[in-house]
Amino acid sequence: MSEEEAIHVADVSEGIGGDATAEPGSPVELPVVDVLTGRSFITGKSGSGKSNTASVVIENLLSNGFPVMIVDTDGEYYGLKEEYEILHAGADDECDIVVSPEHAEKLATLALEQNVPIILDVSGYLEEDTANELLLEVVKQLFAKEKRMKKPFLLVIEECHEYIPEGGGMDETGKMLIKVGKRGRKHGLGIVGISQRPADVKKDFITQCDWLCWHRLTWDNDTKVVGRILGSKYASAVEDLGDGEAFLMTDWDESIRRIQFHRKETFDAGATPGLDDFERPELKSVSSDLVGELQSISDEKERRESEIADLKQELQKKDRRIADLERELEEARDLSDMADQFAQALLGKAEAPYRGGGRPPAGDERFGGTDDGDEGQSVLKSYDEAVAATEESDADAEAETDAAPGPGPSAADGGAEVDADAATGDAATGDAADVDATAADSADEPNPPDDVDPVTRDDVAESALRFDEAIELGTREAVIDELRSRIESLPELSRGMLRHYRREGASDPVAAHIDAGGDGDSGHAYSRHRPIRRAGLIRHAGRGSYAYAVPDLVREAYADRLDEAQVDEIVRAVERVFVPSAELDYPPDAAPAEVGDRAPAGDDEAEENTDTDAADGDEEPSAPTDAGLSDAARRFAERSER
């Protein structure tokens, strides 16, 4: 491009302000370098021809191979595509590509490095902030790249008063445009501002312009601006200019001329609609490769947005999980308080000076006795209420209001009968003599129940999260190690109860306690049953029964993606930690006698551990029956059936 190269955009017109040295109709040419790198202001009221003037200048530049970028605020420049291959980028489906601030750098690269003319159509953005941010980022990228490239390039801004207003309130986008107006020329970046209200445009911008076009203006505030810059005679003459006429003021020849701009050759999308049918011309398309490069940026943005949505969903799941854990912690705290109450009541009962329901000696202060013996009865009552409340808490935790352990051993078997109502929390209806007998048996038992450690907030949270992490690993070893660790942490008697549930499928805590070598006391049974339930190894099956849950845990860990053979393989690997090897060769419901026939010699766990009846210390241990239970458990089951 030579310094003398020019574009023919208008002809000299007659009237005030005309060039005395040129005949009307003489051509008016603009030097290309000054247009591309200079600062210009085109103004005039609506319909006076200012947008046509801008289009004529742009058409001449495009015809000579000079790229431009047009910031289109009204969507009226797409008619240029009738003649030129120009990229139409914006927010509408009619655009070649929908763009956002993430596309700013790529748009600047296409414009400056690949000479692609661009219409940046901001008319379709519903959010003004989005359009402003897009324009700001694009202008920043153009300015930064031009500092290095120093390539003549023209930026056209429609309705510039919206970005650089005179009255103040200019945002970062306006400040960046002012920066281009003041410093862009030395980098090769030119700017043209277009507005129908010169009084509303910041004067710092107008006074910096190298060439100005003043089309018809009628408002006093606007004509006063013309008078201050051009002179009073032009202030009155500007009101009489015809369509397409303008006063052209240029710095390169220090002249003011009255000229008539040519009509644009491409489709006028900004013309006022008339009564004739609107026919949109066939528009040219840019290379699909260019659109593909921009589309890849859009795809990446959508992928990030999708990932953000997934992360938000995961966060919601974690929040719900935290809420569930907090609820479980509250339940655990309640259970811990109940265990403390139970232990205190048990201690008070052990210190009571009687075993058969009699009154303590009057005035005996060693046992807190009084003359009427009410204090001793209060100790017994607190114990019974604690037992009932503990059992009721177990039932509530399983959402089964009717869950109750089966009846205890009968008096004929040497045990102390416990009313079934007491197991559901109705301790007040129990027979006083039966309760006293139970208290006596409990006090005389040689092996009292193990202490129940209180369940803390950290215990519950750690257990839950540890299993979640194991599942996320998705490995067979992780699931097996997690379930084995749960089982290994159980007390020995509780593991025996778990073996009972494995063998029976579904049973009740008292029967499991007896079968594992414990007694028929429901309080003892439920205290040793609770660690198994809290570990999730059994689940409530309704009406006071519980079912073996290890296979279900394996299925849930793999989201039911395993077939039954694979589930059985993992379950067997888990069960090796608490089931004798001989039992593993048989289904869970196999008779102990059948297992015993095949048990290897010397295997201590091959023999079923039996115990004497809890209330009869003289009775010899019974051999396992064909039903797989000790004699005490079998008698308990028979009474339950009756």
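Side chains are part of it too, since the values below use all heavy atoms of this structure and drop only hydrogens, waters and symmetry mates.
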| Val579 versus Arg572: any side-chain heavy-atom pair under 4.5 Å? | no

Do Arg484 and Asp481 meet the salt-bridge criterion of a basic N to acidic O distance under 4.0 Å? no

Shortest non-hydrogen pair, Tyr558 vs Val479, comes out as CE1-CG2, 3.9 Å

Taken to the nearest 0.5 Å, the spacing of Leu136 CG from Lys175 NZ works out to 11.0 Å

Ion pair check, Arg327 and Glu330, cut-off under 4.0 Å: no

Quick one, Ser507 with His500, criterion side chain to side chain contact (heavy atoms under 4.5 Å, CB included). Give me CA distance, side-chain angles, the key distance, then yes/no.
CA-CA 8 Å; Ser507 184; His500 171 86; 2.8 Å; yes

Smallest heavy-atom separation, Gly520 atom then Val510 atom, equals O-CG1, 3.8 Å

Is any side-chain heavy atom of Asp552 closer than 4.5 Å to a side-chain heavy atom of Arg555?
yes

| If we only count heavy atoms from C-beta on, is the Leu311 to Leu315 side-chain gap below 4.5 Å? | no

### Task
Would you check, one step at a time, whether the test side chain to side chain contact (heavy atoms under 4.5 Å, CB included) holds for His524 with Arg528?
CA-CA 6 Å; His524 298 169; Arg528 285 152 176 159; 4.0 Å; yes

In this structure, CG of Asp319 is separated from NZ of Lys312 (nearest 0.5 Å) by 13.0 Å

What one should report as the nearest heavy-atom pair of Gly124 and Asp92 is CA-OD1, 3.4 Å

| Minimum side-chain heavy-atom gap Tyr501-Glu504 below 4.5 Å | no

(request) Output yes when a side-chain donor or acceptor of Ser336 lies under 3.5 Å from a complementary backbone atom of Ala332, and no otherwise. (result) no

His103 side-chain N/O to Ser100 backbone N/O, donor-acceptor pair under 3.5 Å: yes

Rounded to the nearest 0.5 angstrom, the CE-NE2 distance for Met497 and His513 is 6.0 Å

Interatomic distance, CZ@Arg576 vs CD1@Ile480, rounded to 0.5 Å, equals 8.5 Å

Mind checking whether Phe578 and Leu498 have side chains closer than 4.5 Å, heavy atoms only? yes

Between Pro551 and Val571 the two heavy atoms that sit nearest each other are CA-CG2, 3.7 Å

Tightest non-hydrogen contact, residues Ala89 and Cys95, listed as C-SG, 4.1 Å

Value for CG (Leu294) from CD (Glu102), rounded to nearest 0.5 Å, stands at 12.5 Å

Check your understanding: CG of Asp93: more than 12 outside heavy atoms within 6.0 angstrom?
Key -> no

**Study point:** Leu553 vs Arg486, side chain to side chain contact (heavy atoms under 4.5 Å, CB included): CA-CA, chis, key distance, verdict
**Key:** CA-CA 12 Å; Leu553 289 176; Arg486 292 188 185 190; 4.3 Å; yes

- Query: Thinking salt bridges, do Glu488 and Arg495 make one under a 4.0 Å N-O criterion?
  - Reply: no

Exam field: side chain Arg502 to backbone Tyr548, donor-acceptor pair closer than 3.5 Å: no

- Query: Can you check whether Arg533 reaches His529 side chain to side chain, under 4.5 Å on heavy atoms?
  - Reply: yes

Residues pairing under side chain to side chain donor-acceptor pair (under 3.5 Å) where one sits in residues 128-138, two or more places apart or in two chains, turn out to be Asn132-Asp171

Indicate yes or no: does Arg539 engage Glu556 in a salt bridge with an N to O separation below 4.0 Å.
-> yes

Handout entry: Validation row: Arg530, Pro509 side chains within 4.5 angstrom (heavy atoms)
Key = no

| Do Ile570 and Arg476 come close enough that some side-chain heavy atom pair is under 4.5 Å? | yes

Distance col, row Leu483:CG vs Glu575:CD, nearest 0.5 angstrom, shows 10.5 Å

- Message: Using only atom types and a distance under 3.5 Å, with no angle test, would you say the side chain of Asp563 pairs donor to acceptor with the backbone of Gln566?
- Response: yes

